[in-house]
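Written below as structure tokens is the structure these notes are about.
Keep in mind that the numbers below use all heavy atoms, side chains included, and drop hydrogens, waters and symmetry copies. Chain letters run A, B, ... following the sequence lines, proteins first, then strands; residues in each count from 1.
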4 protein chains.
Amino acid sequence: MPLSKLIGPGSPEEPPSGKRERRKEARPGELLDAALDLFVEKGFAATRAEEVAARAGVSKGTLFLYFPSKEELFKAVVRENISGRFKEWNEEFETFEGSAADMVRYCMKVWWERIGATRASGITKLMISEARNFPELAAFYQQEAIRPGTQLIRRILQRGMDSGEFRQLDLDYAVFSIVAPMIFLIMMKHSLGPCAPQDYPLDPERYVQSQCETLLIGLCVRPDGGS
Amino acid sequence: MPLSKLIGPGSPEEPPSGKRERRKEARPGELLDAALDLFVEKGFAATRAEEVAARAGVSKGTLFLYFPSKEELFKAVVRENISGRFKEWNEEFETFEGSAADMVRYCMKVWWERIGATRASGITKLMISEARNFPELAAFYQQEAIRPGTQLIRRILQRGMDSGEFRQLDLDYAVFSIVAPMIFLIMMKHSLGPCAPQDYPLDPERYVQSQCETLLIGLCVRPDGGS
Amino acid sequence: MPLSKLIGPGSPEEPPSGKRERRKEARPGELLDAALDLFVEKGFAATRAEEVAARAGVSKGTLFLYFPSKEELFKAVVRENISGRFKEWNEEFETFEGSAADMVRYCMKVWWERIGATRASGITKLMISEARNFPELAAFYQQEAIRPGTQLIRRILQRGMDSGEFRQLDLDYAVFSIVAPMIFLIMMKHSLGPCAPQDYPLDPERYVQSQCETLLIGLCVRPDGGS
Amino acid sequence: MPLSKLIGPGSPEEPPSGKRERRKEARPGELLDAALDLFVEKGFAATRAEEVAARAGVSKGTLFLYFPSKEELFKAVVRENISGRFKEWNEEFETFEGSAADMVRYCMKVWWERIGATRASGITKLMISEARNFPELAAFYQQEAIRPGTQLIRRILQRGMDSGEFRQLDLDYAVFSIVAPMIFLIMMKHSLGPCAPQDYPLDPERYVQSQCETLLIGLCVRPDGGS
DNA sequence: AATGAATGAGTGTTCATTCAT
DNA sequence: TATGAATGAACACTCATTCAT
């Protein structure tokens, strides 16, 4: 099965009472949603404010009612979609019961499910594409998303090394063994993938699993020995 | 080492007599150079034609003397920098003497040296960032650069499997074990890297080597056995 | 007089409430008016879009809010001012009571009053000057304005021949006996006339009458009978 | 026959010896020729200097070697093609033997042959189309071409009135009975004619003759009497 | 004299942003 | 609050004109 939309077009959970009120309260979110899609698809510069507004179902003027400028809209899109879930995730891993290898498996699987397969993955594409145009934002992203993620992975690897599961690794480089395949998958999903569908009929789950297994063999002291 | 400098900053054979003439012949190249840098740095839309001209040391009008439009300039930049060197590389690998593992090591090392470390890596960043805005060009890139590269890697892996060095792999997915870390490195070099230098003090050579070794352990039947 | 003011500077029925709104509805018309004047005066290529906007009292951007390009503005100007009034005119002539000579007199007089003396005459000047640059538009003009006009005149002449008033004429050429002096008058009004006022102190009414009378003598079997 | 083809598509009389030299001397003329064609076809503003040069077979730079600016080129084109031949023509008519009606016939026939049918007619089209953009030039044209022409026609008509051939005419208006059909023919030839060939399959000679005869009936005291 | 590469002011067009309604 | 008409700065692209060769 080829890879496809595991995502859904936005979850309108819990609509408030009145119609107007709901829309009013939902406006910023709808705009951010629309903006995320368009920024990911066309980049910041090539996305027109009017198009964002249109896709959100409001007028151009309304957009500027909620965001003082296109640039602020962009920043809001990024900030909104980084949402520090790392505390939560950290706890998840603190209480994780299982081997370090399972943690790596779980980490990559969850990364795909919660980030890669969702609209949130657009942020990764966006930041990597636009980093040079938004250095402050890139720094913010680095600090809020990448650093915590890196720390999480380092802890996992450290744990594996401590427990004797993994061989001695240079963590500064080893983290990228997990990061690179995930980032690559996400970038492809949003750039060349849609342009050359025949060349990327990848099943993301199988991709993740495949990368994961090869990686684990590479990390473990005795890949198939142990037990 | 049978291989040598295939690249080089353009062969300046026979510079024409007059000052004007020499400059004239160099113009397209200078413009493409300047354009590559700027497109990589700021993206297509955010790069101003005049800036490209200025960086090439000419006026705005001169740019349009050589390229009929900004879009054609972009396409020329991409085309110019893809230049199928794959035939050459394929031959290099056909005559390669050594294990499949050495081929993988050599492949990634050379990828970094000839692409990653050079301005050519900008094209990769560019295409991944702008693919959605230039679908035809992305298709061209896919066909001229990615497909040959993928084939080359598939052959290497197949050879390793045939020789019993590597375990049985699903090639459709295994190629990305080599591709992903290289693409990741290149993307970082051109996007987040320059924005958060303190977070990426990576030594590319060590990165490549690290990824390579972990990967090879993951690929080989007996990671620490043969060879 | 069965005929009355068929022309008029547009019916301003029901001006909308707000200032903005009223202006908005009037914009296209104001722009077309300004554009007609300038195109007639300077030609298409030499007329700057900004000048058209300025004359209409709006900014350059507003012009492109209503017309997607300068060329479309030009086409709109022409189309707007051709407005097939020929059905109406044909009816007028069907029910005309009087001699064929009177019809010719009436025809030329009315031509001047309704076209020549009004801004509509600018379109004639414009089309003749710019035909080569707008072949499709010229064809449209030919079909919508010239062909019907020619047909009308042919019918008049035919009627005169049928009634024995006019001598036997080759209609293909005779129509120009009426057309040429009118077109000439209109061209002069818009080109050399304003440049050499001392040479064209012509009273258009007297011009039309003079041409008309000489022409009628030339057309009639026996202009005024014996003597 | 004292008069003969005085005009011709450029008189290359006395080509100098060497090829280069001839071309050198011919350059301005070739440029004026090319410019006339293009100005007539596209108007002043829409004609590009480079195109003129290309049609004349020289480079853009050479054009500005002979004419300091595009505007001066235009003026030169007009001046060159007006060439006061009126003194000559006046003499022709002074010594003309025949009736005033014959003079009118001869005048219109010759007008067509020497102006209308030749490239010189382009100047008429040009001046009428561009008069508003070149008021000084229009004044010059008025003085050098139109006024003498008008005078010539006035004299012819006056002679007819003096001899009793023509009825008493208001000369200020009567001249246009001759001028209008000729100008009309020339304008059509250069504007709508080429755009709607199916609507103008006119035989110019028959047109002139037709207009001429109708006109003469209108002018003469006894249209169907004499002759 | 002739060339054509180079220039840069000028123009059409876009689009983020404002503001009267 | 929401609208969308209006704005004008910005940019791609053109082309008359210059000038080194």
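Between the CZ atom of F39(B) and the P atom of dA12(F) there is a distance of 9 Å, given to the nearest Å. Atom-to-atom, CZ of F74(D) to P of dA16(F) comes out at 14 Å; the value is rounded to the nearest Å. Per the geometry, CZ belonging to R27(C) stands 13 Å off C1' belonging to dG4(F), to the nearest Å. One interatomic measurement links the two molecules: CG of L63(A) to P of dT17(E), which rounds to 9 Å at whole-angstrom precision. Between the CG atom of L31(C) and the P atom of dT7(F) there is a distance of 10 Å, rounded to whole Å.
Residues satisfying the salt bridge (Lys or Arg N to Asp or Glu O under 4.0 Å) criterion with E71(A), sequence neighbours excluded, are absent altogether. Every side-chain hydrogen bond (donor to acceptor under 3.5 Å, both in side chains) that E130(C) has, sequence neighbours left out, goes to N133(C). Annotation: ring-ring contact (aromatic ring centres under 6.0 Å, His included) contacts of F44(C) (sequence neighbours excluded): F39(C), F74(C), F134(C). S191(B) pairs by the side-chain hydrogen bond (donor to acceptor under 3.5 Å, both in side chains) definition with nothing, not counting sequence neighbours. Under the side-chain hydrogen bond (donor to acceptor under 3.5 Å, both in side chains) criterion, S69(C) pairs with no residue, sequence neighbours left out. Scanning for side-chain hydrogen bond (donor to acceptor under 3.5 Å, both in side chains) contacts around R119(C) gives D33(C), D37(C), with sequence neighbours left out.
The two residues V40(B) and L126(B) make their nearest non-hydrogen contact at N-CD1, 3.8 Å.
Listed nucleotides: dA1(E), dT3(E), dA5(F). Nearest to the side chain of Y66(D): dA1(E).
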Please list, pair by pair, any protein nitrogen or oxygen found under 3.5 Å from a nitrogen or oxygen in nucleotides 13-16 of chain E.
{"unit_1": "dT13(E)", "atom_1": "OP2", "unit_2": "K70(C)", "atom_2": "N", "d": "2.7"}
{"unit_1": "dT13(E)", "atom_1": "O4", "unit_2": "K60(C)", "atom_2": "NZ", "d": "3.0"}
{"unit_1": "dA16(E)", "atom_1": "OP1", "unit_2": "T47(A)", "atom_2": "O", "d": "3.4"}
{"unit_1": "dA16(E)", "atom_1": "OP1", "unit_2": "K70(A)", "atom_2": "NZ", "d": "3.3"}
{"unit_1": "dA16(E)", "atom_1": "OP2", "unit_2": "A49(A)", "atom_2": "N", "d": "2.8"}

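Annotated stems with DNA chain E as a participant read E:2-21 with F:2-21, given as range with range, by first number; only runs of 3 or more Watson-Crick or G-U pairs under 3.5 Å qualify.
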May I have the list of side-chain donor-acceptor pairs in residues 45-52 of chain C shorter than 3.5 Å, sequence neighbours left out?
{"unit_1": "T47(C)", "atom_1": "OG1", "unit_2": "L38(C)", "atom_2": "O", "d": "3.2"}
{"unit_1": "T47(C)", "atom_1": "OG1", "unit_2": "G43(C)", "atom_2": "O", "d": "2.6"}
{"unit_1": "E51(C)", "atom_1": "OE2", "unit_2": "K42(C)", "atom_2": "NZ", "d": "3.4"}

